Amino acid sequence: MKKKKMAKRILSSALINAFFIACCFLALLPILYALSVSLDAQGGLLSSSFSFIPKEFTLSHYRSVLVDEPVLTWLLNTALLTLSTVVLSMACSVPAAYVFSRKRFSGRRAILKILLLLYSFPSVLSMFAIYRLMSSLSLINTHIGLIVIYAGTMSVFALLNMKGYFDAIPIEIEEAGRIDGCSDRMLVTKIVMPLSKPTLIVTGVMIVNFVWNEYIFSVNFLTGENRMTLAAGLYSLQATETSGSWPVFAAASILVSMPVLVIFFLCQKNMVSGLTSGGVKG
C-alpha cells in the first residue's frame with residue numbers, strides 16, 4: 001500500500017511539473033520568436049521557411065537599434081519618468097498608507113472606498129479631462145506633465161497596497177517600541193519600514209513595470225522623437241513586412257525588456273511575500 005501511494009505521489013508530482021513546464025514554454029514562445037527574428041539575417045517574419053533557430057545569424061539589427069534609431073534617447077526618457085514616478089508616488093503613498101492604517105478619523109472609510117472606486121475605472125476615461133487640465137497648466141508635451149499623471153495614478157495603487165500590509169503588522173510591536181522610548185519617527189523608520197521591505201520593493205517594481213510599458217498617455221501627451229518614451233517609440237518602428245523594420249523592432253523589444261527583467265530577477269525573493277501580503281482592508 002505504501003509503495004502504491006508513493007508511486008501515485010511521484011506520478012502526480014511529475015504530471016504537475018510537466019504541466020507547469022509546458023505552460024512556461026508556451027509563455028516563452030513569443031519571446032523566443034522575437035529573439036529568433038532579431039537574429040535572423042534574412043529577416044523573415046511570416047515566411048514558410050521560418051525556424052526558431054536562424055540559418056544565418058546576424059547582429060546587424062541590434063546595431064541598427066543602437067546606432068540608427070534613437071532607442072537610447074527613448075530609454076533615457078523612460079528611465080527619467082520611471083525614477084521620478086517611483087520616488088514621488090512612494091514618498092506620497094507610504095506615509096498616507098500608514099496614516100490610513102493606524103489612525104482613526106472621520107471619513108477614513110469613505111475616502112478609501114472612493115479611491116478604490118476611482119482606481120477601478122480605466123484611466124482612458126479621464127483622458128480628455130486630464131488633457132485639458134495639463135493644457136491649462138502648459139504641461140502638454142513635457143515630461144513633467146507625464147510624471148504628474150503617472151505619480152498621481154500610481155500613488156493610489158501604492159497607498160491601497162501598502163495599507164493592507166501595514167494593517168497586517170501587529171500594533172503590539174509599535175507599542176513595545178514606544179515603551180523602549182522610540183519616537184513616532186523612529187517607529188516608522190526603524191520598525192515599520194524594515195518590516196515592510198518586501199511590499200515596498202514589490203510596489204516599487206509594479207510602478208516601474210507600469211511606467212516602462214505605459215503607452216496611451218505617452219503617445220497622446222508627447223510629440224517629437226526626442227521626447228518619446230520606449231512604448232511610443234517602439235510603436236513607431238513597426239511597419240509592414242515589406243518595409244523590413246520588423247527585425248529591428250524585435251531587436252529593440254528584446255533590448256528594452258532587459259532592464260525590467262533584471263529588476264525582476266534581483267527582486268524575485270521578495271515578490272511572493274510582497275504580492276501576497278498587500279490587500280485592501282477597511
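Values in this document were obtained by computation on a predicted structure and should not be read as measured data. Along the sequence shown, residues are numbered consecutively beginning with 1.
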Query raised in the report: Among the clusters formed by ILVMFWY side chains lying less than 4.5 Å apart, do L261 and Y62 turn up in the same one?
Result: yes
Query raised in the report: Would one find more than 12 heavy atoms of other residues, nucleotides or ligands at under 6.0 Å from atom CZ of R63?
Result: no
Query raised in the report: Distance from I140 atom CD1 to R132 atom CZ, nearest 0.5 Å?
Result: 12.5 Å
Query raised in the report: Minimum heavy-atom separation for T153 to F210, with atom names?
Result: CG2-CZ, 4.4 Å
Query raised in the report: Hey, is the main chain of A97 close enough, under 3.5 Å, to the side chain of S101 for a donor-acceptor pair?
Result: no
Query raised in the report: From F100 CZ over to L112 CG, what is the distance, rounded to the nearest 0.5 angstrom?
Result: 5.0 Å
Report task. Any chance you could measure I31, atom CD1, to S257, atom OG, to the nearest 0.5 Å? Result -> 7.5 Å
Report task. Apply side-chain contact (heavy atoms from CB on, under 4.5 Å) to the pair L39 and T58, showing each step before the final yes or no. Result -> CA-CA 5 Å; L39 294 173; T58 182; 6.0 Å; no
Query raised in the report: Are I207 and Y150 close enough, and set up right, to give a side-chain contact (heavy atoms from CB on, under 4.5 Å), and what steps lead you there?
Result: CA-CA 9 Å; I207 295 173; Y150 292 161; over 6 Å; no
**Report entry** Donor-acceptor contact below 3.5 Å, side chain N209 vs main chain V205
**Finding:** no
Query raised in the report: Checking side-chain contact (heavy atoms from CB on, under 4.5 Å) for the pair L200/M90: CA distance, chi angles, key distance, verdict?
Result: CA-CA 8 Å; L200 287 171; M90 295 297 284; 3.7 Å; yes
Report summary line: Interatomic distance, CD1@I171 vs CZ@F166, rounded to 0.5 Å, equals 12.0 Å
Requested in this report: Keeping the roles fixed (side chain from W212, backbone from V256), state whether a donor-acceptor pair exists under 3.5 Å.
Outcome: yes
**Report entry** Exercise: identify the closest heavy-atom pair between L35 and I254
**Finding:** N-CD1, 4.1 Å
Requested in this report: For residues L234 and W74, report the shortest heavy-atom separation together with the two atoms involved.
Outcome: N-CZ3, 4.0 Å
Query raised in the report: Below 4.5 Å, heavy atoms only, C-beta onward: do M134 and V148 meet side chain to side chain?
Result: yes
Requested in this report: Would you name the heavy atoms of S155 and S93 that are closest together and state the gap between them?
Outcome: O-CB, 3.4 Å
Query raised in the report: Can you name the side chain to side chain donor-acceptor pair (under 3.5 Å) partners of S89, sequence neighbours left out?
Result: none
Query raised in the report: For V99, what residues pass the side chain to side chain contact (heavy atoms under 4.5 Å, CB included) criterion, not counting sequence neighbours?
Result: K103, F105
Query raised in the report: Side-chain heavy atoms under 4.5 angstrom apart, residues restricted to Ile, Leu, Val, Met, Phe, Trp, Tyr: same cluster for V260 and L80?
Result: no
Query raised in the report: Would you say the side-chain atoms of N161 pair up with the backbone N or O of F157, donor to acceptor, closer than 3.5 Å?
Result: no
**Report entry** R227 side chain vs H143 backbone, donor-acceptor pair below 3.5 Å
**Finding:** no
Report task. Considering non-hydrogen atoms only, spot the tightest contact between M162 and T199 and give its length. Result -> SD-CG2, 3.2 Å
Query - Point-to-point distance, once rounded to the nearest 0.5 Å, from CG of L15 to CD1 of I10 - result: 12.0 Å
Requested in this report: Consider only side-chain heavy atoms of I, L, V, M, F, W and Y, link residues closer than 4.5 Å, and tell whether M193 and V87 are in one cluster.
Outcome: no
Requested in this report: May I ask you to check whether over 12 heavy atoms, not counting those of R102, lie within 6.0 Å of atom CZ?
Outcome: yes
Query - Inter- and intrachain pairs under salt bridge (charged side-chain N to carboxylate O under 4.0 Å, His left out), touching residues 141-161, at least two apart - result: none
Requested in this report: Take atom CG of L66 as the centre, draw a 6.0 Å sphere, and report whether it contains more than 12 heavy atoms from other residues, nucleotides or ligands.
Outcome: yes
Requested in this report: Could you check I130 against F217 for side-chain contact (heavy atoms from CB on, under 4.5 Å), going step by step and ending with a plain yes or no?
Outcome: CA-CA 10 Å; I130 293 176; F217 283 103; 4.0 Å; yes
Query raised in the report: Does OH belonging to Y131 count more than 12 external heavy atoms closer than 6.0 Å?
Result: no
Query raised in the report: Can N77 and T229 be counted as having a side-chain donor-acceptor contact under 3.5 angstrom?
Result: no
Requested in this report: Measure across T78 and V211 and return the closest heavy-atom pair with its distance rounded to 0.1 Å.
Outcome: CG2-O, 4.4 Å
Query - OG-OH distance between S38 and Y33, expressed to the nearest 0.5 angstrom - result: 12.0 Å
Query raised in the report: Is there a side-chain hydrogen bond (donor to acceptor under 3.5 Å, both in side chains) between T73 and N226 once you walk through the steps?
Result: CA-CA 7 Å; T73 300; N226 293 330; 5.2 Å; no
**Report entry** Single-linkage hydrophobic cluster, 4.5 Å side-chain cutoff, M154 and I114 together
**Finding:** no
Query raised in the report: Are L118 and L160 grouped together when hydrophobic residues (ILVMFWY) are joined by side-chain heavy atoms under 4.5 angstrom apart?
Result: no
